[in-house]
Each structure stands twice: as C-alpha cells, then as structure tokens.
Amino acid sequence: MTLHSLTIAQAHDLLKRRQISSVELTRAVLDRIAAVEPQIKAFLTVTAEQALAAARKADATIAQGRIAPLTGIPIALKDVLCTQGVRTTCGSRILENFIPPFDAFVVQRLNAQQAVSVGKLNMDEFAMGSTTEHSAFQTTCNPWDTTCIPGGSSGGSAAAVAADMCLATLGSDTGGSIRQPASHCGVVGLKPTYGRVSRFGLVAFASSLDQIGPLGKCVADCAWLLQVIAGHDPADATCAPCEVPDYSAALTAGVQGLRIGIPRSYFEVDGLHPDVAKAVLAAIATLESLGARTVDIELPYTKYGVAAYYVIAPSEASSNLARYDGVKYGRRDAETAELLEMYRATRSQGFGPEVQRRILLGTYALSAGYYDAYYRKASQVRTLIMRDFAQAFEKCDLIAAPVTPAPATLIGAHTDDPLAMYLSDIYTLPANLAGIPGISVPCGLSADGLPIGLQLMAGHFEEARLLAAAQAFEQATPFHQAKPRINP
Amino acid sequence: MLTFEPVIGLEVHAQLKTDTKIFCGCSTRFGAPPNTHTCPVCLGMPGVLPVLNRKVVEYALRMALATHCTVPGPSRFARKNYFYPDLPKGYQISQYELPIAVKGHVDIQVDGQERRIGLTRIHMEEDAGKLVHAPDRPISFVDLNRTGVPLIEIVSEPDMRSAEEAGAYLRILRSIIRWIDVGDGNMEEGSFRCDANVSIRPAGTTTLGTRTEVKNLNSFRHVEKALRHEIARQTEILLDGGTIVQETRLWDPDKNATVSMRGKEEAHDYRYFPDPDLLPIVIDDAWIQRVRSELPELPDERRARFVADYQLPGYDAAVLTASRELADYFEACLVLYDHPKTVSNWIMGPLLGLLNAQEKPIEQSPVSAADLADLLKRLGAGVISGKIAKTVFDEMAVSRRPAADIIEAQGLAQVSDSSALETAVDAVLAQSADEVTRYKAGQVKLMGFFVGQVMKATKGKANPGMVNAILKERLG
C-alpha cells in the first residue's frame, strides 16, 4: 500500500511504531498532489514548505514518545477556514490576497496536536454553490470521472480525500456542502450538530446554518477528527458548552435494536435518480440485516425546506458579506473614485455572479415591506421543520435518506440554471435548518460508475449514534474500499 | 392669531463606561493613537464572531430600572445594515424588535411645573468608528478605536412641548446616568449624544404634524437653541401656508440655523434582522432584583426626601440633587450643622457661584463640606456676622484654610462686648452731631447711617443686634 492511501488510523499506527516518519508521509502526500492535481484541481494553495517544517516538528515530538491522534498526519483545509499567515480566499477574487492574522478555532485545535496541513482547498465562492464551478479560480474535477463536478461547496475537500491528496480534510456545511460532495466523491462526510464545533475563524456564509465538519476516507477517521475539533469555545456564543463524548469508543455500538426512520415522501421526489433510490433502499435493507428496524415517518414541512433556506441563507449572507467593501482588507477597485463608486466597483468585480445573485436575493428579502413575507415567514417555516424532526425523533433513533437526488452531474450542466442547482439540495438542507447532525457514507455506484451516498441524520448532539451506525454499515459493505482510477 | 404647540421627542445615545468593548476585549479608553484599541473582532475581519460583554447588559439594566422601565423578557441583538467606512462589518449590532427595556419615564421640572416624560425604549448597541478628514487632500482616515464601544439608546415619547423641556429632560437623563455610575454623560466628548424629532401643531389639537429630525446637537446649549430655531422655522412655514417636509436637518452652530441634509439619509432601509451570531439575552427576576437592590437612592427619590425631611423648597431640592455628589455634599454639611435651609442657601449661593465661575464640579470644591459646616456653625453662634462670614468663605476658597484659622488670624471675630460697643457708639454719635439732631427731629431712617458708621469703625466685627440696641437706648 502506498503511503498517501493510508487512513488516519493506519498512518497513526505506523507513526507511533516509528515505521514511517511524518516527513516521509508528508512527502508522499505532496508527491501525490503534484501528480494528480493537474487533473483534479482541488487545491487553491499548497503549503509544501510549511507542511514539511511542521512534519519535522511532529517527528521531533514523536521521537520524544509523545503522539496525539493527529500528530504528523497530513490533512488539508477548505479555504473558508482562516489560517494565520496562509492566504484564505474563500474561493473569491475579493479575498484573493487576504492573509488572516489569526487561526480558526478548529485550526488551533489541529495545530495543538501537530497535524500537518498541506494546503487550502477549492470551493464555491463563499461556499455558495454545490459544484465548485462558482469558485473564482478553478473548477475541481470529480476523481471518479473528471468530466463531472465533485459536488460542493466543499468540492475541493471531497475530491482531495477521494484522490488521496491528503488523509482527511475539514469542510463546512451550510446546506449540504460537506455531505453532498462526500456523496459525489465516495468519501465519508459529517455535518455535526449546530453548535458542536466553534465557528470562530470560519468565514461566514449563513451564520445560523454554517457548521464545520470532517471529510475522510472512512467513518473512523471522521470520528477522530470530530473528537479533536468538537467542544466549547468561548469565542463563539453559539457554540454549545456541552460535553464531548468519546466518539471513537462509541464506534462499535452497532445498530442492533435501533429504529431507523424512513421519510417515505423523500423517495417520491420528482427527479430522484433510480440508481440513487435503489442504492439507498438497499443500504437501508443492510441496516435492517444488522439488527435495526425501520419505521415510516412524516416530515411534512421539509418540502418547504428549499424555499425557506433560499430566503434565510441569502438574507444572512447579504449582511455577512457587507464587510467586503474595499476599505480595510482584500480587493479594492476604483481606488481614486468617490466612495460609492469604489464600493460598487470593488463588489461588482470582486464577487462572482452566484454570490451577487444571493446578496441581491437576501437584500430583497430583508427590505422594508418584504421582510414579513419572506424572512419572517421563512423563519416560521424553519421552526415547523425543527418540529417535524423533533416529532420524528420521538418515533425513531436515526433517519435514513438519500444525500442527493442524482449522482454527480457533468461540469457545466447547471451553470445556466441556478434553480436546478438549488433544488438538488432538497435532502441536505433540512438538517441545517433544524440544526441536527447528518453524515454521508458511500453506499454504492451508479450504472455510470459514480459514487452514491447514504445519508443518516440524528437528533441534536447524537453524533456518537450517527457514527456508530455509519461504522456498522461501512464494516458490512465494501463501498468505502472502492477507489477512483486516476492515471497521473 | 393661530398659535402652535411644539411636539418634541429625543433619541439619546449614551456611552457606557465599561473597561472593554461590547463584543471583544479591546479597551474603551478615549484618546489613544488611531487603531491601537482594535482586534480582528472589532475590525470586522472575515470569520470573527462577537461575544457579549455581560457588564453592558448589567449597566443597561441599571439604567432601565432607574428610569422606571419594564424588562419585557428575552431581548435580542439585531443587525442594522448600511455601508460606511467607519462601520467595518457593514452592519451595526443593535437591538430592534426586542429591546432590553420599554415603557419608562422621568420627571422634569420647568418653571416650577413638574411634568412626566415617557420613555419608549432603551436598547444596547455598538458604536461605530470615526473618520478623520485630511484638511489638505481629498482623503479620509479611518480610526476604529471607538468601534464596538458600548452605547445605550434611550428613546423618549413625543412628550416635550418646548425647547426648555427638552433641555430639562436631557439634564435629568444625564444626571441619572452619572448618578448610577454607568456613563459620564459628556456631550462635548461625544459620550452623550442627542437627536431630536420636532413637529408643531395648532394649539389644542391632538394629531401630530410632520416631523423633522434634527442632528448634530453636541452641547446642551445647542440643543435648546437648535430646537427653538427649528420650532420657529416650522411655525413660519405653516403661517405662510406652506407644508413641512419630513427630512433630517443638521444644526449648524456657526450659521445659527438648521440646514436640510436634502433627503440623503431618508433613503436608508436598514434591513434589520436578528443577529444569528448572538443568542437571545435572558434576564431573570433574580438578576433584576439584585440590580434593583444595588441601585442608589435615585435623584427624584432624593429630591422628594429633601422636601419632606428638610422642609426645603422644591427649587432648592432640585438644585441640590442635580448630581449625586452635590446631594452628598449637602447632607454631609447637615450631619455637622443641622440647619437645612441655611446650608442650602450657602451651597446654592456662594458655593455654586464660585464653582460655576471656576467651571469645577462639586467634587473639586476648594471648601470641603466639613469646613463649610464649621463656618456656618460659627455664623449661627454669632461668632461672626453674615457679612464677615462671606469674607471668610471667600478667603477659605482661596487659601483652603479652615474658617477658625482665618477668623483668628485676621481678628474677624464679632465684637459682642457691650462696654466696647458702647464706647464705639458714643464715639460715632459724638462725631455726628448734625445727624443726631435730624434723627431726633424725626428722620428715623438715619438709624442705618449710625449702624453703618459703627460697623465701619469696628471693621464690620460689631454684633449688629447689640449695636442697634445701644443706639436706640442712646438716641432715646
């Protein structure tokens, strides 16, 4: 087995037994990036020098007999996470040269364990989109078929994991941005409960929906990463001060006796690809064979999820993105013009069309005379969706559903049709609106050989149960072992 | 002729004197070099989050309870969205639908009349930064030291009917803010700012007229002047058959006039919505009870007590409770010399006259409460006359020595020795034969002349009562 193909657990074991060094491992990963990046285009910034320096330090620590779960492990970060001294673009021209003076909370946690970051990953601009085609810099290609999108917005993260360009990554999920690309790239992606992981240093898209989470080659790696990044941070008022369980220890709990809720209406959606329906229903049957039983549940208001989400998220975004005004940092156009013209030029040229579209949507929804009809109504729908889930979780322990209606589409398929792109978020948005955790685990391939994911959702702060069920499914099936064929 | 009644409501922004900013740990100290009291949070860097300073809530709550507001339940921060270079996030974190406090009041006194002014709401918010415009180039500099300094906005009902009432209301608000120690209420430094909504209507009617908002009122003097001007301007327009345009007007102290901002500000739609980065603020009864129990006796309570317990006129009580320190000074005097009206007269007259002339607050009085009480005690005991007492007071203010030292050193003690006084009287009468004749012929007003001459001869130290008695006896 080549070093870059290792999981975190495997690499940790080799590092601990000093059979490999972090420098060797990091070099292997950097070589792999050099070999496949021209085809995949997952990275916006590769920090080879810093990575090797960090690897040497990690080796020194290991040599002293001290090793934490992520010590010396090469990982990579979605470019929405602030990294001190390393540019953080959010996939946008407006932050093309922005170098944060501080680390995000999750980056501090990774650094504390001496994880080795090899670089920053491509994404749809400000995490708005589900293809990476809305990155201002490049479109990432799906390692399984480079003519297809990898999903998004954490498309760079999912593709990098799938193509072995790092052992695992962190992404962010506002409406499915971890789970959907994980599904499209055949890796595991977890969106934790809102409040489980500090958002400090996560460049905000929609503050009430954004959550950071891991993408990895297997469920156990996601559990390890979550263990490191979860927990209270006084710098984020919305970060919950509740205890973090031992996720790795919980992995073996299995699904015996668990009640899996099946929202039947989710399988009657127009546009649900038959290959996806088949794979997900087969996955549910597998869970039953492992001792779980299914119960039908109703989530009547989730059909309004897309509408509510596309009011709430753009509204918050229109405000969150107001700070990119050319005054303090980032891009400035029309330097010598009068103020209003400078604002207009900077924002018109700095933001891409999808971001501008959402700023306009949100500005409109919050405007006097429209607020009640849009923002307030959407917030009320959100409350009803939360209630849907609360009632469902009285009858079941987990909910199983598709992640996306269809496997990855061809690059360019939706670029003229934003509504079609928005509608493909139908299965992932409700978890963000309700604040509950969701995971995508590989559950098969389409007839065209593209990965399909099974989505499992649980109640607030029930990540341990979610990971245990995903782990049981993974152990019982071969799907996570399938690898894309990339010819460097 | 048609007369008009002004209707005025005020929006007051008061800076809270916390050590650190409302959503980060930066210092709030005034006057530091530009952009030195800043961090990624108050600079609005990508990815940062606000964390509420609990002390801000505590101070706002104190102000709410001191102005008889109700605290209606969970309150929320909201974002007020607009672009300006001194606003690094592109929005100000303020409160909108759910302010911390509503429905309060304060009582003001104008021309001996007490009136109650309603408070609509009090809410918390962050201050913006400051732009400094280069005098020689078309360039502005941004100083974000003030960004995130905590403010409360106090919105009144449109209950004021004259510029004087607005001035009285502002003074009361400022005195409460200082009294309960949540702000310094300094208008000139900008820690206490005011905008006014002004309209007029025919006297006796109840519908509100079209209002204008008057801004840039940065001293108490300007507020009353600007309001008088704006009321006169609106009156003139209506009398000429015109209509008032709803607009924002800036007070220009140089032109002595309000000038239109030409609707620039009117186009704003701030698109308020709840700030998703901050949780609702829950203030439970225990918190309210604790803050209430820690409040000092408030100005209006103390004023009422001064009238009831010390039999002071309402006017005296109002003057003495203009600040907590002044009221404390008064009561410290009373502990040593329990004659409230005399003490009040001396504080309101000589002492405040002196302090006003020197533009000093009572805390910097050159004459301490104990020294003033000691002086008044000597006056009351007849050791010195009223006139001498004023001389001694002036000397105390300059030399900062106690009254006893000055009286002794300058030999100012009143002469009450009857044989000494009889000698002095006889000497005066001997030198004033002509006046004595006229007095005896019926010009009794000359008594004042004789008293004056005796006082002059004794350098003012003669006991005036005794001088009178001796003169009457001698002149038969």
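Throughout, a chain's letter reflects where its sequence line sits, starting with A, and its residues are numbered from 1. Predicted model only: the values in this text are computed from it and were never measured.
The environment of CZ in B:Arg290 is crowded: more than 12 heavy-atom neighbours from other residues, nucleotides or ligands sit within 6.0 Å. The environment of OH in A:Tyr371 is crowded: more than 12 heavy-atom neighbours from other residues, nucleotides or ligands sit within 6.0 Å. Surrounding CZ of A:Arg93 are more than 12 heavy atoms belonging to other residues, nucleotides or ligands, all under 6.0 Å away. For B:Lys130, the NZ atom sits in a loose shell: 12 or fewer heavy atoms of surrounding residues, nucleotides or ligands are nearer than 6.0 Å. More than 12 heavy atoms of other residues, nucleotides or ligands lie within 6.0 Å of CG in B:Asp252, so this atom counts as buried by the packing criterion.
Neither the backbone nor the side chain of A:Pro100 comes within less than 4.5 Å of any heavy atom of chain B. Residue contact with chain B, scored on non-hydrogen atoms closer than 4.5 Å, involves the backbone and the side chain of A:Val203 alike. Within the 4.5 angstrom heavy-atom criterion, only side-chain atoms of A:Tyr194, from C-beta onward, approach chain B. Residue contact with chain B, scored on non-hydrogen atoms closer than 4.5 Å, involves the side chain of A:Phe98 exclusively. At a 4.5 Å heavy-atom cutoff, the contact between B:Pro50 and chain A is made by backbone atoms alone. For chain B, the nearby parts of A:Arg199 are the backbone and the side chain; heavy atoms of each come within less than 4.5 Å. Contacts of B:Asp277 with chain A are made by both backbone and side-chain atoms, with heavy-atom separations under 4.5 Å. Both the backbone and the side chain of A:Phe200 come within contact range of chain B, each with at least one heavy atom under 4.5 Å from a heavy atom of that chain. Contact annotation for A:Ala104: neither backbone nor side-chain heavy atoms come within less than 4.5 Å of a heavy atom of chain B. Of the two parts of B:Tyr272, only the backbone, made up of N, CA, C and O, holds a non-hydrogen atom closer than 4.5 Å to a non-hydrogen atom of chain A. The part of A:Tyr324 that comes within reach of chain B is its side chain, from C-beta onward, which places non-hydrogen atoms under 4.5 angstrom from that chain.
Residues A:Phe102 and B:Cys39 are not in side-chain contact: their nearest non-hydrogen atoms beyond the backbone lie 4.5 Å or more apart. Under the 4.5 Å side-chain criterion, counting only non-hydrogen atoms from C-beta, A:Ser367 is in contact with B:Arg271. Residues A:Tyr343 and B:Pro85 form a side-chain contact, since some pair of their non-hydrogen atoms from C-beta on lies under 4.5 Å apart. A heavy-atom distance below 4.5 Å is found between the side chains of A:Arg323 and B:Val48.
Contact count versus chain B (heavy atoms, under 4.5 Å) is highest, among A:Ser208, A:Gly362, A:Gly201, A:Gly330, for A:Gly201. The candidate with the highest count of non-hydrogen atom pairs below 4.5 Å against chain B, out of A:Asn320, A:Leu321, A:Asp210, A:Leu340, is A:Asn320.
Closest approach of A:Ser319 and B:Tyr91 over heavy atoms only: OG-CD2, 3.3 Å. Considering all non-hydrogen atoms of both residues, A:Tyr375 and B:Pro274 come closest at CE2-CD, 3.9 Å. Between A:Asp236 and B:Val51, the closest heavy-atom pair is N-CG2, 4.4 Å. Closest non-hydrogen pair, A:Cys82 versus B:Pro46, comes out as SG-O, 3.6 Å.
Rounded to the nearest 0.5 angstrom, A:Cys239 SG and B:Leu49 CG are separated by 9.5 Å. Here B:Phe273 contributes atom CZ and A:Ser315 contributes atom OG; the two are 7.0 Å apart, rounded to the nearest 0.5 Å. Remark: B:Met45 CE to A:Thr88 OG1 distance equals 11.5 Å, nearest 0.5 Å. Once rounded to the nearest 0.5 Å, the distance linking OH of B:Tyr84 with CG of A:Leu339 reads 7.5 Å. Here CZ of A:Arg344 is found 11.0 Å from CZ of B:Phe83. Values are rounded to the nearest 0.5 Å.
Not one N or O on the side chain of A:Lys328 forms a donor-acceptor pair closer than 3.5 Å with the backbone of B:Leu43.
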